[in-house]
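A short write-up of the structure that comes next.
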Amino acid sequence: MIDIKLLRADPDKYVQAAEVKNIPVDIPALLEVDGQLLEAQRRLQELRTEQNRTGKQIARLDGVEKQDAIEEMSRIKAQVRHFSEEISRLKPKFDELMLLVSQPPDEGVPVGHSDADNVEIRRVGQVPRLDFEPLDHVQLGKALDIIDIERGVKLAGARNYVLKGGGALLHQALLRLAVDAMLEKGYTFLTVPMLVRDGVMYGTGWFPVGRDQAYLVERDQLSLAGTAEVPVTALHADEILEEAELPKRYVALSTCFRREAGAAGKDTYGLYRIHYFDKVEQVVVCPNDKQQSMAFHQEILANAEDVMKALELPYRVVNCCTGDLGQGPVEKFDIETWMPSRNSYGETHSASRLYDFQARRLNLRYRDAEGKIRFCHTLNNTVIASPRVLISLLELNQNADGSVTIPKALRPYMGGVEKIEPPRK
RNA sequence: GGAGAGGUGGCCGAGUGGAUGAAGGCGACGGUUUGCUAAACCGUUGUACGGGGUCAAACCUGUACCCCGGGUUCGAAUCCCGGCCUCUCCGCCA
């Protein structure tokens, strides 16, 4: 949610934001409704003042005077009703439009239409050159008997999979390594509900834009969150925190559920785009201060990069363009990891900075040093998401004999095992 | 799933159809006292939106909010209806 006062002051800015982010919203209509709503609210308040004053008189009056006052009240009441109805007609329209307004991107964000227009910031690590014909992760998974896509599809349809044996262990090792890395940095580890109320989905900006990405458990009026960012960011919704307790640094591990609506036919091969996966996610809630927000953005990006370096995976960092930003974020850095089978870097992490966009929707506030109540800033980033990162890990670490070498950092989590070997026949 | 109880301010807890944004207590904050700490005493202590005021605050003022929505009434935290939520006991269960 954006601040309506800012929109009133500079509507063009929000028209442009909608345009460059490609998230349509009728700003003139919003202003129109806003004006009518303000007027109705003003009139209603005046009437209520009158109503209260007259009501207090009635208690003290007698006889004819009392009767007159009571008649006066019924006139006021009719008008109160009129403006109340006006407001309950306008408010839903206002809310509906407000939920669609995009937050303008920060300065320096490249303008573009899709992830193809993202701007590379840096590359880290070397892409190894293999002197044999490499397999892709699906072939490797089958040969090593650690990934079973067919049976995943049998159980749950396309974009599902089963990890088995060393594959499942590797997956868990990655997650545990990521959690430990964050614990070392002082983040608080959370376990959170992934089946959440609508308010939490709206509050974090996953509804209404993107609602079709979520699995809805309609009978219970709950939705499966697509990331732990959702419940974790909403953790302190409707609270007023003390500035001294900020920042809140959280890390959570969860399964993530995504319908991938609109992606039909896209990335259908392998473990890239799937309906469920596990992710370690970091969330920061900090004071309403641009400098601090920016510093934390760098911090959570570095946290993820540290894990990537520990895993010895070659990656690059890109500055996401306006079209790839989404409704809330003002700036987003993705980490893309080299994926040989795709012959490209593939998105594995996404670090978003949102100012108070989510905090306003969530009513997430704090009391600053002067006692003023302000909306927090929120940020989030992946630490590791698996099995997508397994694509890189398996394909990059494969050997000529068909085995896959486990990165040193992961071995303690794999009982010291150095390689995943093909099963003996 | 069955039976019952209940939802009031940061917390506990009172509450009558009008003077209650709401007693009292706790906590927190400010002050006095004190060698320091503690205690004691005094004071302050909700949020949102609007109007006035200010360079900006302070401050003044209006409205709404005692789970949510509707109703009765001149007037509702207080009465009625619907919903949501929480707790207790029993059953089932990872």
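Sequence lines set the chain letters: A, B, ... in the order given, protein chains first and strands last, and positions in each chain run from 1.
E347(A) places a side-chain heavy atom less than 4.5 Å from the side chain of Y272(A).
Nucleic acid contact for K372(A): none, since no nucleic acid atom lies under 4.0 Å from a heavy atom of the residue. No engagement by R43(A) is indicated, since no non-hydrogen atom pair under 4.0 Å with the nucleic acid exists. At the heavy-atom level, I373(A) lies under 4.0 Å from the strands shown only through sugar-phosphate atoms. Contacts of R365(A) with the nucleic acid, taken as non-hydrogen atoms under 4.0 Å apart, involve only primed sugar atoms and P, OP1 or OP2.
Phosphate proximity of G62(B) to N52(A): absent, as no side-chain N or O sits under 4.0 Å from OP1 or OP2. Residue N363(A) has no polar side-chain atom (N or O) positioned under 4.0 Å from OP1 or OP2 of A48(B). R48(A) has no side-chain polar atom (N or O) that falls below the 4.0 Å cut-off from OP1 or OP2 of G50(B).
Rounded to a whole angstrom, the distance from the C1' atom of A14(B) to that of G24(B) is 7 Å.
Map I240(A) and Q45(A) each onto its nearest nucleotide of RNA chain B; the residue landing nearer the 5' end is I240(A). Comparing R197(A) and E46(A), the nucleotide of RNA chain B nearest to each residue sits closer to the 5' end for E46(A).
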Could you go through R75(A) and E71(A), starting from their C-alpha distance and side-chain angles, then the distance that decides it, and tell me whether this counts as salt bridge (Lys or Arg N to Asp or Glu O under 4.0 Å)?
CA-CA 7 Å; R75(A) 271 206 303 281; E71(A) 272 172 45; 5.4 Å; no
